[in-house]
Number of protein chains: 2
Amino acid sequence: MPGRLGRGRPFWWHGKFKGCGYKITAGRDAIIEVLSKADKHLSAEDIYLKVHSVYPGVGLTTVYRTLEILVNVGLVYKFDFGDGRARYELSQDEEGEDHHHHLICKKCNRVIDYSDFIEEEAELLNKTEKGLSKKYNFEITGHLIQFYGLCEKCANRK
Amino acid sequence: MPGRLGRGRPFWWHGKFKGCGYKITAGRDAIIEVLSKADKHLSAEDIYLKVHSVYPGVGLTTVYRTLEILVNVGLVYKFDFGDGRARYELSQDEEGEDHHHHLICKKCNRVIDYSDFIEEEAELLNKTEKGLSKKYNFEITGHLIQFYGLCEKCANRK
DNA sequence: ATATAAATGGAAATGGTTATCATTACTATT
DNA sequence: AATAGTAATGATAACCATTTCCATTTATAT
């Protein structure tokens with residue numbers, strides 16, 4: 001009952017996985033495979049359906065459990081776009097870039113990714129994080145920035 | 001069956017409410033009263049319990065419905081701190097200030113409000129919003145910034 | 001090959017939020 | 001004041017993403 005899981009590629013995540021005491025299984029491979037290939041903003045069910053179609057032995061529960069681990073380990077980011085289900089993205093793409101910035105349409109829930117203005121953002125965020133860390137004795141490990149509004153279609157339709 | 005609802009104060013929200021075609025009711029008054037008095041980060045159930053203790057005629061359903069309206073009208077912000085329940089805050093305090101910035105502890109889910117570094121943030125956000133609006137034809141109406149990490153207690157305990 | 005603890009999946013439970021619907025209350029108009 | 005018309009309400013049930021449970025299977029180190 002194997003599932004042709006993108007053989008031959010460097011399974012870069014195995015190290016981190018084992019390092020944290022987790023086992024490598026076909027299901028987990030398949031889930032990370034889907035995340036690294038597929039479009040962005042996948043929900044747990046999206047991932048389940050994709051994985052399941054190739055490897056029917058994987059259940060929804062395992063998808064949730066694996067995603068939780070991946071988020072804890074830092075390989076995956078979990079987002080809430082306000083439509084009642086969580087979305088998951090690999091934290092780094094193949095080039096090691098780390099762009100997860102979203103414009104969210106409040107009307108149709110469309111999500112647009114952007115990768116502009118990141119440098120200035122990063123600069124400000126760094127400065128802010130340092131200041132906040134010190135003042136509140138808070139060890140900052142991450143942040144979230146999202147913009148809300150109306151996408152082109154919805155703005156015109158109104 | 002009245003409920004002593006902070007009489008005599010300027011019910012500034014009535015205007016916006018009526019302007020949008022909504023009616024003023026005792027329950028809605030009570031809900032906004034709770035929001036404007038109480039500590040921050042209240043969940044729908046928190047609000048329900050507080051309102052209900054003073055004015056038992058108000059049900060949980062009405063709390064949810066009223067909050068939805070308040071969010072749509074812009075009087076209230078809805079937040080997700082990752083613990084499975086939404087939190088609500090009046091969008092402006094009594095001085096008309098509009099500070100809704102949070103540090104969220106990933107371990108104990110404690111939320112710290114901060115109001116430092118807001119000026120720089122606002123400046124950057126304005127610049128970024130303008131750029132994004134133009135490039136993506138996206139009408140930006142709001143944004144969200146949150147920092148995640150470990151609060152003092154949890155960082156030490158580890 | 002074997003032992004051991006971790007991983008799994010299916011079904012059931014959970015829990016915040018929403019939909020339904022018959023009843024009630026607000027508001028403007030007589 | 002009485003009425004009509006419409007929005008608001010609350011109790012209950014439905015919803016649905018996510019978790020929990022538990023008996024079985026599997027990965028991994030030895």
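Remember, predicted model here, so these are calculated numbers, not experimental data. In what follows, chains are A, B, ... by sequence order, proteins preceding strands, each numbered from 1.
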Taking only distance into account, with no hydrogens and no angle test, what donor-acceptor pairs under 3.5 Å do side-chain atoms of residues 123-131 of chain A form with protein atoms, sequence neighbours excluded?
{"residue": "A:T128", "atom": "OG1", "partner": "A:L124", "partner atom": "O", "Å": "2.8"}
{"residue": "A:E129", "atom": "OE2", "partner": "A:H143", "partner atom": "ND1", "Å": "3.1"}

For [X], side chain to side chain donor-acceptor pair (under 3.5 Å) partners two or more places apart:
X: A:K135; value: B:D116
X: A:E121; value: A:H101, A:Y114
X: B:Y22; value: none

Rounded distance in Å - [atom1] ([X]) to [atom2] ([N]):
X: B:I32; N: D:dA8; atom1: CD1; atom2: P; value: 13 Å
X: A:L67; N: D:dA17; atom1: CG; atom2: P; value: 15 Å
X: A:K18; N: C:dA6; atom1: NZ; atom2: P; value: 16 Å
X: A:D29; N: D:dT26; atom1: CG; atom2: P; value: 16 Å

| said: Strictly distance-based, threshold 3.5 Å: is any side-chain N or O of A:S133 a donor or acceptor partner for the main-chain N or O of A:F138? | reply: yes
Check the interface with nucleotides 2-7 of chain D: list each N/O to N/O pair with the protein under 3.5 Å, or write none.
{"residue": "D:dA7", "atom": "O4'", "partner": "B:K23", "partner atom": "NZ", "Å": "3.3"}

| field | Any A:T25 side-chain nitrogen or oxygen under 4.0 Å from OP1 or OP2 of C:dT8 | value | yes
Pairs: protein N or O with nucleotides 16-20 of chain C N or O, under 3.5 Å:
{"residue": "C:dG16", "atom": "OP1", "partner": "B:R85", "partner atom": "NH2", "Å": "2.4"}
{"residue": "C:dT17", "atom": "OP1", "partner": "B:A86", "partner atom": "N", "Å": "2.8"}
{"residue": "C:dT17", "atom": "OP2", "partner": "B:Y64", "partner atom": "OH", "Å": "2.6"}
{"residue": "C:dT17", "atom": "O5'", "partner": "B:Y64", "partner atom": "OH", "Å": "3.3"}

| Partners passing side-chain contact (heavy atoms from CB on, under 4.5 Å) against A:C108 (at least two apart in sequence or in another chain) | A:C105, A:R110, A:C151, A:C154
| message | Among residues at least two apart in sequence or on other chains, which ones pass side-chain contact (heavy atoms from CB on, under 4.5 Å) with B:H41? | response | B:F81, B:E89, B:H102, B:V111, B:D113
Show me the side-chain donor-acceptor pairs of residues 58-65 of chain B shorter than 3.5 Å, one per line, residues at least two apart or across chains.
none

